[in-house]
Amino acid sequence: MTITFDNVTLSQGDFTLTADLSVEEGHKIALLGPSGGGKSTLLSALAGFKDPDAGRILWNSDDITDIAPAKRPVTLLFQDHNLFPHLTVAQNIGLGIRPNLRLSAPEHQIIEDALGRVGLKGQGPKRPSQLSGGQQQRVAIARALLRDKPILLLDEPFAALGPALKHEMLDLVAEIVDAAKATLIMVTHQPEDALWITDQTVLVADGMAHPPKDTVELLDNPPEVLRAYLGT
Amino acid sequence: MPSLQRAVAPMTNAQNPITLFKLTTGGFALILLLILTLGTVIAVGTATTFERGLTPSDWAAIRFTLIQAITSATLSILIAVPTARALARRKFRGRQIMVSLLGAPFILPAIVAVLGIVSIWGRSGLISDGLKSIGAEPLNIYGFTGVVLAHVFFNLPLATRLILQGWLAIPSEHFRLCAQLGLSTSELNRQLERPMLRSTIPGAFLLIFLLCITSFAVALALGGGPKATTVELAIYQALRFDFDLSKAAILAMIQFYLCTVTALITLRFARPTDFALGLDHPPRRWDGTERHTRIFDATLLTAVAFFLFAPLISVILRGLPPLMSLPHQVWPALLNSLTIAIPAALIATTLATALAALITALPKRTATFVESIGFLALAASPFVIGTGLFILINPYFDPFKLALPITVAVNATMSLPFALRIILPALTRAQQNYGRLGASLGMTGFTLFRLAIWPRIKRSLGFATGLSAALSMGDLGVIALFAPPDFATLPLTMYRLMAAYKMDAAAGTALLLVATSLALFWAFDRGGRLDHHIR
């Protein structure tokens, strides 16, 4: 199981990003680099929200470049707006099973179980606004859990949380990804986040996404562009 | 140049594709709008024979229209700037109420306002009584003075709100910085306020100028005669009294050119106006503490409050007693008005929603173009549309028998630009914030609309419908042209009572009209705010 960016070019205004790399299944991968470097753009392309100007995106040997976002093997957690404020917590999770919300009784039970796994037992009838920021992102994680896609993408959904809470959330994500034997790709601009749960890192800088390297090795011996970013 | 374009977000089509449904419904709305605005103009144009040329009275109408519009817009802006500044930098009891009431004239039926103005400024009004008691001549407000007075009454609040928005958009940090640097009121004015005014005033001026050109009820009630006839009023008189279709057609073409040129210039300067914008939390200010500026602000706000609220209070006081004994023709007129206002509002909102859905799905440049067409309908003159419909229908039906459907169509068209300006930003926001989430979860078509979009835009839909209903309810325009003698809406009944000098009955009818307008607005707006539980 492999995700391949085959000579992909992405442009946004004057900015261009090229990516020619593969990611193997089962890894936890950080996309590290300066803001505006194209990390989120790369995730958007993989999730189907940004059409590449050139190149193909492959899942194993299947070309998924033109597939609708919902049909791709990925779940993307956004920085915000992961939940519909007018729906209950349970309904927000239920969308992961049935996008039209016509849920059966067993499905309601599945939702309740998912809530339990993210530590929100019994919170189903509440509205998102009644939960804290961290709890809201837990709801989004519970929905990702039920969607059961082989790849989980994080576009800095925990950026607004304090360090302790952020690490707690990253641990929860790691636990869920491990249990599902899924692949994790997360955007970060903090090296310590990369070290916290990922084993490989894709450096995104200077208009290029570099092939994945071992996170610890990369940060121990940073190449020139990464040194400039880290300030070491 | 900040302009209308800002409402439309750049978005890739993967998130918000143009579906066949959006294309058909949005396209239908667009074509209907074009038929009613441009199609009627073409009908008028082909019926016009220009051999006759423009008569002196046509020139007089053009001159009067322009002069009264320039005077009204200039006065409105001149008073609005210090008023907005006072509201922006003062905190006082009743400030909130005053700001809210500044929104009221927008949905206040024009004919009601005219009645209020007459009862304060008229020959037997409050001011004239005062003048007479000291032996001076009473005022005469019919003609130029009255038209300008009424237009300032309507547009001063609008201008104040537009400029106040500009003031409140200045970040509070800037005021803090000025306070720290010890800038005086006049220095702060130069650094912060003048640049803001330079970008706000042209748009506000042109918008008011446009509204003064197309306004009809004011000209009908306070203008008239060779010296005070607007083009809009002249069209009405040509059709209604002279039965001179070619004269009406020439005037309609003139009106169309005036409005279109103004609207195109306005479009260049107009800033997006958020009708629902909260103006309630002014940033703390440290300037304007000098004694003379405080006295100036207090005097000005009192005078403006008197100018705006005295006519309204007078209508209420005068209208309450006859409310219990209204003339019998009021009740069928009320029913007619409701039969026009509710469908017109629903049609305007539906068309605006279809148009907005199409606009958000189109590529940016096309979207801007379609949005501009939606805005240009603001420049459509009800009487040009009316004349065009008259010419189109006349060979086949008796237009006077179709007074009701024609009025519904014209009123829906007139409300559409406002509805579009309310709905489009809400829809754009909903799609920006939740479009990707919906797409990633595989929500499409009706499911996407029902679960993700509708709950996010229904407040705006309710507000737009309420506003359109109130506007239609109070409109005295094209109905005056088509109504047979035995048919009337509430504003028309009121006008006929005023023309017969039955002022007390007119005031009672005015109260009923205002109450119904507000009730309609409230009911739709409230409906949109009801909490929405999806089962």
Let me know if A:Arg143 has heavy atoms under 4.5 Å from chain B in its side chain, its backbone, both or neither.
-> side chain

Should we say atom CZ of A:Arg147 is surrounded by more than 12 heavy atoms from elsewhere, each under 6.0 Å from it?
-> yes

Could you tell me which portion of A:Ser44 (side chain, backbone, both or neither) has an atom closer than 4.5 angstrom to a non-hydrogen atom of chain B?
-> side chain

Here the gap from B:Leu437 atom CG to A:Leu77 atom CG, rounded to the nearest 0.5 Å, amounts to 10.0 Å

Residue pair B:Ser440 / A:Arg72, side-chain heavy-atom distance below 4.5 Å | no

What part of A:Leu103 is in contact with chain B, defined as an atom under 4.5 angstrom from a non-hydrogen atom: side chain, backbone, both or neither?
-> neither

Between the CZ atom in A:Arg98 and the OG1 atom in B:Thr447, the distance rounded to the nearest 0.5 Å is 11.5 Å

Can you measure from CG (A:Leu76) to CG (B:Leu441) and round to the nearest 0.5 angstrom?
-> 10.5 Å

Over 12 foreign heavy atoms within 6.0 Å of CZ, B:Phe369 = no

Which heavy-atom pair separates A:His86 from B:Ala452 by the least distance, and what is that distance?
-> CE1-O, 3.8 Å

Most contact-rich option vs chain B, by heavy-atom pairs under 4.5 angstrom, among A:Pro85, A:Ala68, A:Gly96, is A:Pro85

Non-hydrogen atoms of A:Pro99 and B:Leu451 that approach each other most closely | O-CD1, 3.3 Å

Check the angle between the aromatic planes of A:His81 and B:Tyr434 and answer parallel, tilted or perpendicular using the 30° and 60° thresholds.
-> perpendicular

Quick one: closest heavy-atom pair of A:Phe49 and B:Ala439, and the distance?
-> CE2-CB, 4.0 Å

